[in-house]
Colleague: 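Could you have a look at this structure, given as structure tokens, before my questions?
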Amino acid sequence: MIINAVVLTGFSETFEKCFIKDDRYKLLLSGIGVTVKVALLAAAMGLIIGFLIALCNLSKNKFLNFLGKIYTDVIRGTPSVTQLMIIYFVVFATVNWEKWIIAAIAFSINSGAYVSEIIRAGILSIDKGQTEAGRSLGLSKGQTMMSIIVPQAVKNIFPAMCNEFITLIKETAIVGYVGLVDIQKAGDFIKSATYEAFMPLIATAIIYFVIIKVLTLVLGQVEKKLRKSDQR
């Protein structure tokens, strides 16, 4: 009993030092906001970039096809942290934008390469007869793609896109390299200020886990609805 009391007292004191004293918990709350903002903007822009690159990779135009493949190879072949620092310290070095927006652009460029491959695979998974049917109805190639192929491909690629978004959220943990205080960096600040490693790191891991778990459940429900509409 005495040992348990000592352990509980020590835990309580460490918890208070890490999160209550000097309102350090607010660092984590602020970090959650930064992580969510960066991830959402990066996902939205990454989807647009990925779609355009996928069209380039599927194009019969040699220049566009070459451009798409070079982009995909370079982005997938270099570390995301290196890309982030190049975008922040080189490309946008003289641009007076908020840090989180520049970070989101860097992550969208990275995500776009992976999204493009997901979309390309999804489009190729649609039977060629669908394209032929659209063209026989008098639709142009672009109209056939947007009205017939893409809506069907969306249902095929949705699970993979969900996984990419979840991966993107975890990858944003490196934004501290450009001075942003996200969840991970907030935990690092608390660790440095208190000289306590265990509790800030565990709190960081729990926050990421909860965010991703909630997101997984929500996206899972959306996927179920998409499957039900297919059955109808």
Side-chain angles (χ1 to χ4, degrees), residues 4-47 75 78-114 162-219:
N4 289 339
V6 171
V7 170
L8 286 173
T9 301
F11 180 86
S12 177
E13 288 175 353
T14 304
F15 183 89
E16 184 176 355
K17 182 168 70 169
C18 289
F19 305 119
I20 307 303
K21 187 177 179 182
D22 297 329
D23 292 333
R24 291 190 178 113
Y25 71 92
K26 290 183 179 178
L27 278 173
L28 290 170
L29 293 178
S30 175
I32 293 171
V34 170
T35 296
V36 170
K37 283 194 304 184
V38 172
L40 286 177
L41 183 57
M45 291 192 296
L47 183 61
I75 297 300
T78 53
S80 54
V81 64
T82 305
Q83 295 165 16
L84 173 64
M85 289 194 285
I86 289 172
I87 294 296
Y88 186 83
F89 292 112
V90 180
V91 178
F92 286 91
T94 58
V95 179
N96 189 26
W97 287 4
E98 290 189 48
K99 290 181 179 181
W100 74 270
I101 295 176
I102 298 174
I105 292 171
F107 283 113
S108 70
I109 292 171
N110 177 271
S111 181
Y114 295 93
C162 293
N163 289 334
E164 171 58 25
F165 184 42
I166 288 168
T167 300
L168 180 60
I169 291 174
K170 291 185 285 186
E171 284 187 348
T172 60
I174 63 173
V175 295
Y177 280 96
V178 296
L180 274 172
V181 183
D182 66 324
I183 299 169
Q184 184 63 53
K185 196 64 176 179
D188 289 343
F189 277 148
I190 294 172
K191 180 163 61 73
S192 299
T194 61
Y195 298 100
E196 295 284 350
F198 176 77
M199 204 164 284
L201 290 174
I202 291 299
T204 300
I206 290 172
I207 291 170
Y208 274 114
F209 176 79
V210 170
I211 291 173
I212 290 168
K213 187 64 178 178
V214 170
L215 183 62
T216 301
L217 292 172
V218 170
L219 293 175

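Just so you know, these numbers come straight off a predicted model, no measurement behind them.
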Colleague: Distance from M45 atom CE to I109 atom CD1, nearest 0.5 Å?
Modeller: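 The distance works out to 8.0 Å.
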Colleague: Between V175 and F107, is the side chain to side chain contact (heavy atoms under 4.5 Å, CB included) condition met? List the steps.
Modeller: CA-CA 10 Å; V175 295; F107 283 113; 3.3 Å; yes
Colleague: Identify the two heavy atoms, one from G187 and one from T204, that lie closest to each other, and give their separation to 0.1 Å.
Modeller: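 What the structure gives for the nearest pair is CA-OG1, 3.7 Å.
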Colleague: Could you tell me if the side chain of S30 sits less than 4.5 Å from the side chain of V181, heavy atoms only?
Modeller: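 With C-beta onward as the side chain, the pair stays apart.
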Colleague: Strictly distance-based, threshold 3.5 Å: is any side-chain N or O of Q83 a donor or acceptor partner for the main-chain N or O of T78?
Modeller: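 Such a contact is found between Q83 side chain and T78 backbone.
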Colleague: For the CD1 atom of I202 and the CD1 atom of I207, what is their distance to the nearest 0.5 Å?
Modeller: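 That separation rounds to 11.5 Å.
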Colleague: Sequence neighbours left out, what pairs pass side-chain hydrogen bond (donor to acceptor under 3.5 Å, both in side chains) with at least one residue falling in residues 162-177?
Modeller: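 As it turns out, the side-chain hydrogen bond (donor to acceptor under 3.5 Å, both in side chains) pairs with a partner in residues 162-177, which skip direct neighbours, are S111-E164.
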Colleague: I'd like to know whether I32 forms a side chain to side chain contact (heavy atoms under 4.5 Å, CB included) with I211, so could you lay out the CA-CA distance, the side-chain angles of the two residues, the decisive distance to 0.1 Å, and finally the verdict.
Modeller: CA-CA 9 Å; I32 293 171; I211 291 173; 4.2 Å; yes
Colleague: Give a yes/no verdict on a cation-pi contact between K185 and F189, requiring under 6.0 Å between NZ or CZ and the six-membered ring centre and an angle within 45° of the axis.
Modeller: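 Yes.
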Colleague: How long is the span from the CD1 atom in I105 to the OH atom in Y88, to the nearest 0.5 Å?
Modeller: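 These two atoms lie 12.0 Å from each other.
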Colleague: How long is the span from the CD atom in Q184 to the CG atom in L28, to the nearest 0.5 Å?
Modeller: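 CG of L28 is found 10.5 Å from CD of Q184.
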Colleague: Any salt bridge linking K26 with D23? Criterion: basic side-chain nitrogen under 4.0 Å from a carboxylate oxygen.
Modeller: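 Counted as a salt bridge, because a side-chain N and a carboxylate O are separated by less than 4.0 Å.
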Colleague: To the nearest 0.5 Å, what is the distance between CG (D188) and CG (L27)?
Modeller: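 One finds 11.0 Å between CG of D188 and CG of L27.
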Colleague: Let's go through S80 and I174 carefully: what are the C-alpha distance in whole Å and the side-chain angles of both, what is the deciding distance for side chain to side chain contact (heavy atoms under 4.5 Å, CB included) to 0.1 Å, and is it a yes or a no?
Modeller: CA-CA 9 Å; S80 54; I174 63 173; 3.8 Å; yes
Colleague: Could you go step by step and tell me if Y208 and T35 meet the side chain to side chain contact (heavy atoms under 4.5 Å, CB included) rule?
Modeller: CA-CA 10 Å; Y208 274 114; T35 296; 4.3 Å; yes
Colleague: Tell me the closest heavy-atom pair linking A39 and L168, and the distance in Å.
Modeller: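 Residues A39 and L168, closest heavy atoms: O-CD2, 3.6 Å.
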Colleague: Go through the structure and list residues passing salt bridge (charged side-chain N to carboxylate O under 4.0 Å, His left out) with E196, not counting sequence neighbours.
Modeller: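 Here the qualifying residues are K17.
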Colleague: Taking all non-hydrogen atoms of both residues into account, name the closest pair between D182 and G176 and its distance.
Modeller: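 What the structure gives for the nearest pair is OD1-N, 4.3 Å.
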Colleague: Indicate yes or no: at least one non-hydrogen side-chain atom of T14 is less than 4.5 angstrom from one of F198.
Modeller: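 Answer no - side chains too far apart.
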Colleague: Measuring from C18:SG to L201:CG, what's the distance to the nearest 0.5 Å?
Modeller: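 C18 SG to L201 CG: 9.5 Å, rounded to 0.5 Å.
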Colleague: Please table the atom pairs, donor to acceptor, closer than 3.5 Å between any side-chain atom in residues 91-104 and protein atoms at least two apart or in another chain.
Modeller:
| unit_1 | atom_1 | unit_2 | atom_2 | d |
| --- | --- | --- | --- | --- |
| E98 | OE1 | W100 | NE1 | 3.0 |

Colleague: Which heavy atom in F19 sits nearest to a heavy atom in A203, and how many Å separate them?
Modeller: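 Result for this residue pair: CZ-CB, 3.6 Å.
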